[in-house]
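A quick write-up on the structure given underneath.
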Amino acid sequence: MNSMKDCYELANGVKIPCMGYGTYKAAEGNNESIIKTAIEAGYRYFDTASFYDTEEALGRAIHESGIPREEFFLTSKAWKTEMGYEEVKKAFAQTLEKLGTDYLDMYLIHWPLPNPKYKDWKELDVETWRGLEELYKAGKVKAIGVSNFLLHHLENLIQNCEIMPMADQIEFHPGFTQEATVRYCQEKGIYVQAWSPLGRKRVLEHPLLVGLAEKYNKSAAQICLRYEIQRQVIPLPKASTKERMVQNYQVFDFEIEKEDMYRIDSMQPAGWSGEHPDFPRVK
């Protein structure tokens with residue numbers, strides 16, 4: 001990969017950029033302006049969700065940019081309250097309306113369970129996925145996948161579905177790499193995307209990453225993103241200033257050495273959000 005516009009190829013042949021821009025809490029009330037700045041900075045892959053409340057702002061920003069829709073790769077997600085065969089199709093239609101487009105590049109189930117105590121999640125996931133398969137077959141979305149699905153959630157879909165998930169968006173960053181899920185996905189041809197690719201302050205201040213930043217003359221954030229790219233994980237960083245937006249994709253002019261990759265792989269746990277689909281959030 002030589003730039004953020006270089007692409008991987010999903011299982012169905014659809015090309016997906018190797019880096020995108022995450023819109024979750026992009027600017028806390030000033031989303032449209034920040035997204036316009038991201039477009040000006042060169043981003044064309046945008047990740048949103050009904051839960052983020054950024055779909056309308058993203059749609060307006062793209063329309064006002066004057067750049068053809070087909071130059072963008074847009075992903076959105078169905079929230080926990082939008083699961084079910086009919087419900088997810090209705091949610092998808094609302095997402096298209098908010099984005100002001102007649103198709104999506106990718107659509108994901110946001111979480112495998114509405115809540116940790118939900119017992120019939122297997123049936124619910126299969127029914128929701130059946131709705132996504134129908135949207136895909138109708139040509140309304142180019143690729144379908146999931147978010148925050150772990151091995152047992154994925155196995156349930158794969159054993160009961162017609163179309164394999166093409167991507168799984170999970171929390172992934174140095175200090176929290178979810179190796180079992182990543183290995184499973186990569187063995188199955190499911191592309192892994194990273195939400196929270198920079199972790200949190202504790203990650204960016206970790207002595208290992210600070211030291212590697214100095215060694216490679218980059219920032220700790222750039223070390224995180226380069227690490228993910230070398231792991232063939234698609235990072236979805238967010239930033240609120242153009243300077244940071246640009247810095248986030250200036251990670252294609254160097255390579256982390258194998259030994260340093262191993263050191264990052266072996267970092268002690270750090271920066272976990274506290275989110276786990278099967279258990280209450282840890283604060």
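Source: prediction; values computed, not measured.
Between the side chain of D6 and the main chain of S3, a donor-acceptor pair closer than 3.5 Å is present. T177 places no side-chain N or O within 3.5 Å of a backbone atom of H173 that could act as its donor or acceptor partner. Distance alone, capped at 3.5 Å, is enough to place a donor-acceptor pair between the Q222 side chain and the S219 backbone. The main-chain N or O of W272 is never found under 3.5 Å from a side-chain atom of R200 such that the two would form a donor-acceptor pair. For the pair E82 (side chain) and W79 (backbone), a donor-acceptor distance under 3.5 Å is present. Using modelled atom types, one side-chain atom of K77 and one backbone atom of T48 make a donor-acceptor pair closer than 3.5 Å. Distance alone, capped at 3.5 Å, places no donor-acceptor pair between the W121 side chain and the N115 backbone. A donor-acceptor pair is defined here as one N or O able to donate and one able to accept, closer than 3.5 Å; such a pair exists between the side chain of R44 and the backbone of I39. In this structure, the side chain of R281 engages the main chain of S273 through a donor-acceptor pair within 3.5 Å. Judged purely by atom type and a 3.5 angstrom limit, D105 has no side-chain atom pairing as donor or acceptor with the backbone of E70.
Using a 4.5 Å heavy-atom threshold, the side chains of Y227 and V233 count as separate.
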Exercise for the section: Apply the test side-chain contact (heavy atoms from CB on, under 4.5 Å) to residues D168 and Q193: give CA-CA distance (whole Å), side-chain angles for both, the deciding distance (0.1 Å), then the verdict. Expected result: CA-CA 6 Å; D168 188 5; Q193 300 177 296; over 6 Å; no

Handout entry: Criterion side chain to side chain donor-acceptor pair (under 3.5 Å) on D47 and W195, from CA distance to verdict
Key = CA-CA 10 Å; D47 178 80; W195 64 261; over 6 Å; no

Handout entry: From CA spacing to verdict: side-chain contact (heavy atoms from CB on, under 4.5 Å), C185, L154
Key = CA-CA 9 Å; C185 286; L154 290 165; 3.8 Å; yes

Handout entry: D260 vs K215, side-chain contact (heavy atoms from CB on, under 4.5 Å): CA-CA, chis, key distance, verdict
Key = CA-CA 10 Å; D260 292 332; K215 174 180 178 178; 2.7 Å; yes

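Defined by atom type and a distance below 3.5 Å, a donor-acceptor pair is missing between the side-chain atoms of Y262 and K258. Checking E55 against S50 by side-chain atom types alone, no donor-acceptor pair falls below 3.5 Å. Between Y136 and N12, the side chains place a donor N or O and an acceptor N or O closer than 3.5 Å (distance only, hydrogens not considered). For the residue pair D278 and H152, a side-chain donor N or O sits within less than 3.5 Å of a side-chain acceptor on the partner. Under 3.5 Å, the side chains of E155 and H153 contain no donor-acceptor pair of N or O atoms.
Here the NZ atom belonging to K201 is positioned 5.0 Å from the CD atom belonging to E205, to the nearest 0.5 angstrom. Rounding to the nearest 0.5 Å gives a distance of 10.5 Å between NE2 of H206 and CD1 of I264. Taken to the nearest 0.5 Å, the CZ atom of F92 stands 4.5 Å off from the CG atom of L104. For the atom pair CG (L132) and CD1 (I163), the distance works out to 9.5 Å, reported to the nearest 0.5 Å. Here Q268 contributes atom CD and F176 contributes atom CZ; the two are 14.5 Å apart, rounded to the nearest 0.5 Å. In this structure, CD in Q169 is found 4.5 Å from OG in S147, a value given to the nearest 0.5 Å.
Between P237 and N248, the shortest heavy-atom contact is CB-ND2, 3.8 Å. When all heavy atoms are compared, the tightest approach of R202 to G271 is CD-N, 4.5 Å. Minimum interatomic distance between T23 and T54 (heavy atoms only, all atoms of both residues): OG1-OG1, 2.9 Å. Closest approach of I229 to V251, counting heavy atoms only: CD1-CG2, 3.7 Å. A pairwise comparison of heavy atoms in E257 and Y216 identifies N-OH, 2.9 Å as the closest pair. Nearest heavy-atom pair across N31 and A57 is CB-CB, 3.9 Å.
Hydrophobic clustering of Ile, Leu, Val, Met, Phe, Trp and Tyr side chains at less than 4.5 Å, counting indirect connections, keeps I67 apart from Y103. Cluster annotation: L212 is not connected to V210 through the hydrophobic network of ILVMFWY side chains, with a link wherever side-chain heavy atoms come within less than 4.5 Å. No continuous path of ILVMFWY side-chain contacts below 4.5 Å connects W111 to Y85, so the two sit in separate hydrophobic clusters. Criterion: ILVMFWY side-chain heavy atoms under 4.5 Å apart, direct or through other members. Under it, L108 and M164 are part of a common hydrophobic cluster.
Note: F51 and H110 have perpendicular aromatic rings, judged against thresholds of 30 and 60 degrees for the angle between ring planes.
The number of heavy atoms from other shown groups lying within 6.0 Å of CD (E179) is above 12. Environment of CD in E97: sparse, with no more than 12 heavy atoms of neighbouring residues, nucleotides or ligands closer than 6.0 Å. More than 12 heavy atoms of other residues, nucleotides or ligands shown are found within 6.0 angstrom of NZ on K80.
Taking the six-membered ring for Trp, Y43 and Y249 have ring centres closer than 6.0 Å.
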